[in-house]
Amino acid sequence: MYSVPPGQAGDVVVPVANCEVQEYNSNPKELMPFRDYVSYWKEYIRGGCSSPRGCLYLKDWHLCRDSSVEDLEEVFTLPVYFSSDWLNEFWDTLDVDDYRFVYAGPKGTWSPFHADIFRSFSWSVNICGRKKWLFFPPGQEEALRDCHGNLPYDVTSSMILDAHLHPRLQPTTPPLEVIQEAGEMVFVPSGWHHQVHNLDDTISINHNWVNGFNLANMWHFLQQELQAVQREVSEWRDSMPDWHHHCQVIMKSCTGINFEEFYHFLKIIAEKRFLILKQGLEEAMGDSTGLELGLQQAAFDVGRLAEVLASVVAHPDFQIVDTSSFSSQPEELLRQLEDAIATTEVF
């Protein structure tokens with residue numbers, strides 16, 4: 001249920017990718033009114049799944065963010081299994097972004113080979129249509145790198161069999177292939193590279209999310225990203241003032257987050273869990289009915305937050321970050337988390 005009045009829905013501007021054009025390891029995007037994309041889609045079908053405009057795919061549309069409704073439940077019901085969603089909890093608090101998307105496209109649209117942002121989990125539900133997923137377990141993608149160390153754009157391309165271009169390619173286990181039908185949900189674990197093809201006209205809802213179960217994966221990924229940036233600009237290490245700071249700036253522009261923002265991410269989630277624990281423990285002193293699951297979840301989250309924050313605080317590159325303006329110092333937040341863990345162990 002979309003909250004824009006029917007007469008205005010067509011005016012909503014949506015991002016559209018051209019699946020027939022490669023731009024690095026992705027597809028170029030343009031913005032267009034929703035009604036224009038629907039008109040294109042109809043013309044594409046009438047043209048026998050062909051158009052001089054290319055194969056256009058509406059993807060990464062922030063329907064929830066663009067909607068005027070305040071409650072996500074008014075747009076769609078979030079599956080309970082995926083309700084512990086720190087990534088969107090963080091961005092909702094800041095009210096600037098989210099990682100909830102709508103994908104919609106005709107038969108033949110597809111998403112190139114990739115792993116999800118921040119090595120997050122993701123889930124995808126087909127509202128209608130069918131998708132074919134090609135999954136590669138973590139580490140298997142390394143055999144697909146070309147002679148320059150780059151991952152492929154399309155794992156179904158015959159170019160990937162060129163031994164000169166892909167010298168690392170060895171006979172390996174084929175990818176896990178999944179056909180997703182209408183009404184079915186696919187869960188993508190952290191770090192699984194994948195490529196997705198729409199077998200029919202398809203509409204889906206997709207979320208990226210992080211919680212206590214894959215927080216360490218996100219932190220490991222961010223460390224790898226910073227190391228990659230540092231290698232690229234290593235020759236200027238001694239001549240560039242504030243080299244470490246510039247590495248963090250470059251990392252954020254490439255990855256979307258740096259060590260400072262990751263700390264604020266941990267801090268906001270931690271503060272929310274402190275509130276849950278405080279309220280839950282106070283009420284549990286009287287009647288614990290209905291509180292146990294909430295307390296257990298918050299206690300688990302606090303434990304995982306403490307583990308990762310301890311690693312962050314000890315990291316040499318984080319120790320260089322200027323934290324003087326932080327509302328809560330990292331060491332103090334870590335102490336609060338450890339105190340919270342000790343308190344919950346009593347119950």
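Quick caveat, the model's predicted, so the values are computed rather than measured.
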- Should Gln230 and Asp317 be marked as a side chain to side chain donor-acceptor pair (under 3.5 Å) after you check the CA-CA gap, both sets of side-chain angles, and the distance that decides it? CA-CA 11 Å; Gln230 291 173 335; Asp317 286 291; 3.0 Å; yes

- Is the His315-Trp219 ring centre distance short of 6.0 angstrom? yes

- Message: Set out, in order, the CA-CA distance, both residues' side-chain angles and the distance that settles side-chain contact (heavy atoms from CB on, under 4.5 Å) for Asn198 and Arg130, then state yes or no.
- Response: CA-CA 6 Å; Asn198 288 330; Arg130 295 187 304 147; over 6 Å; no

- With salt bridge (charged side-chain N to carboxylate O under 4.0 Å, His left out) as the test, would you mind laying out the steps for Arg273 and Glu89 before giving the verdict? CA-CA 12 Å; Arg273 297 305 176 269; Glu89 184 178 354; 2.9 Å; yes

- Item | Neighbour count >12 (heavy atoms, 6.0 Å) for atom NE2, His166 | yes

- Message: For the residue pair Asn208 / Trp123, report whether a side-chain donor-acceptor contact shorter than 3.5 Å exists.
- Response: no

- More than 12 heavy atoms of other groups within 6.0 Å of Gln22 CD: yes

- Can you tell me if Glu338 uses its side chain to pair, donor with acceptor, with the backbone of Ala306 under 3.5 Å? no

- Task: For the residue pair Leu295 and Thr344, establish whether any side-chain heavy-atom pair is separated by less than 4.5 Å.
- Result: no

- Task: Please round to the nearest 0.5 Å and tell me the distance separating atom OG of Ser311 and atom CD of Gln223.
- Result: 5.0 Å

- Message: Do Cys147 and Leu165 make a side-chain contact, defined as non-hydrogen atoms from C-beta onward lying under 4.5 Å apart?
- Response: yes

- Hey, do the aromatic rings of His114 and His193 have their centres closer than 6.0 Å? no

- Please confirm whether His264 and Phe90 have ring centers closer than 6.0 angstrom. no

- Query: Got Val16 and Asp36 here, is their nearest side-chain heavy-atom distance under 4.5 Å?
  - Reply: no

- Query: Would a line drawn from the ring center of Tyr44 to the ring center of Tyr40 be shorter than 6.0 Å?
  - Reply: yes

- Is the Tyr103-Tyr57 ring centre distance short of 6.0 angstrom? yes

- Query: Judged by atom type as modelled, is there a donor-acceptor pair below 3.5 Å linking the side chain of Ser50 to the main-chain atoms of Gly47?
  - Reply: no

- Task: Show your working on salt bridge (charged side-chain N to carboxylate O under 4.0 Å, His left out) between Arg100 and Asp92 and close with a plain yes or no.
- Result: CA-CA 11 Å; Arg100 307 179 183 100; Asp92 287 348; 2.6 Å; yes

- Query: Are Val321 and Tyr263 close enough that some pair of their side-chain heavy atoms sits under 4.5 Å apart?
  - Reply: no

- Side-chain touch Trp192/Phe136, heavy atoms, less than 4.5 angstrom: no

- Query: Does the Asp322 side chain pair with the main chain of Ser324, one donor and one acceptor, at a distance under 3.5 Å?
  - Reply: yes

- Could you tell me whether the side chain of Asp85 and the main chain of Phe82 form a donor-acceptor pair under 3.5 Å? no

- Query: Does the side chain to side chain donor-acceptor pair (under 3.5 Å) test come out yes or no for Gln329 and Thr323, once each step is laid out?
  - Reply: CA-CA 7 Å; Gln329 289 300 301; Thr323 63; 3.0 Å; yes

- Query: Is there a donor-acceptor contact under 3.5 Å from the side chain of His148 to the main chain of Asn150?
  - Reply: no

- Query: To the nearest 0.5 Å, what is the distance between CD1 (Ile320) and NE2 (His244)?
  - Reply: 4.0 Å

- Item | Sidechain N-carboxylate O distance under 4.0 Å for Arg335, Glu332 | yes

- Search all heavy atoms of Asp200 against all heavy atoms of Gly129 and return the closest pair with its distance. CB-CA, 4.2 Å

- Task: Could you give me the CA-CA distance, side-chain angles and deciding distance for Ile276 and Asp301, then say whether side-chain contact (heavy atoms from CB on, under 4.5 Å) is met?
- Result: CA-CA 11 Å; Ile276 293 172; Asp301 289 352; over 6 Å; no

- Less than 6.0 Å separating the ring centroids of Trp110 and Tyr153? yes

- Message: Applying side chain to side chain donor-acceptor pair (under 3.5 Å) to Ser204 and Asn206, what does each step give before you reach the verdict?
- Response: CA-CA 6 Å; Ser204 64; Asn206 300 53; 3.0 Å; yes

- Task: Check whether any side-chain N or O of Glu141 sits under 3.5 Å from a backbone N or O of Leu151 as a donor-acceptor pair, and report yes or no.
- Result: no

- For the atom pair NZ (Lys272) and CG (Leu277), what is the distance rounded to the nearest 0.5 Å? 14.0 Å

- Message: Between Ser26 and Glu23 (side chain of the first, backbone of the second, donor and acceptor by atom type, cut-off under 3.5 Å), is there such a pair?
- Response: no

- State, with a plain yes or no, whether a side-chain heavy atom of Leu226 is found less than 4.5 Å away from one of Gln248. yes

- Pair Trp133-Gln180, side chain to side chain donor-acceptor pair (under 3.5 Å): steps then yes or no: CA-CA 8 Å; Trp133 297 72; Gln180 180 187 13; 2.8 Å; yes

- Message: For Thr202 and Lys131, which I'm curious about, is there any donor-acceptor pair between the side chains at under 3.5 Å?
- Response: no

- Could you check if a side-chain atom of Trp86 sits within less than 4.5 angstrom of a side-chain atom of Phe265, using non-hydrogen atoms only? yes

- Item | Polar side-chain atom of Ser157 near backbone of Met159 as donor-acceptor pair, under 3.5 Å | yes

- Task: Please lay out, stage by stage, how Leu309 and Val313 fare under the test side-chain contact (heavy atoms from CB on, under 4.5 Å).
- Result: CA-CA 6 Å; Leu309 181 57; Val313 169; 3.9 Å; yes

- Message: Aromatic contact between Phe318 and Phe262, with the criterion being ring centroids under 6.0 Å apart: yes or no?
- Response: no

- Message: Applying side-chain contact (heavy atoms from CB on, under 4.5 Å) to Phe101 and Leu63, what does each step give before you reach the verdict?
- Response: CA-CA 6 Å; Phe101 306 104; Leu63 173 63; over 6 Å; no

- Interatomic distance, NZ@Lys59 vs NZ@Lys29, rounded to 0.5 Å, equals 6.0 Å

- Sidechain-backbone polar pair: Thr255 side chain, Lys252 backbone, donor-acceptor under 3.5 Å: no

- Do Thr109 and Cys55 have side chains that get closer than 4.5 Å, going by heavy atoms? yes

- Message: Has Asp116 got a side-chain atom pairing as donor or acceptor with Arg119's backbone, closer than 3.5 angstrom?
- Response: no

- Flag yes if more than 12 heavy atoms outside Lys107 fall under 6.0 Å of its NZ atom; otherwise flag no. no

- Around atom CE of Met185, are there more than 12 heavy atoms of other residues, nucleotides or ligands at under 6.0 Å? yes

- Item | CZ (Phe213) with more than 12 external heavy atoms under 6.0 Å | no

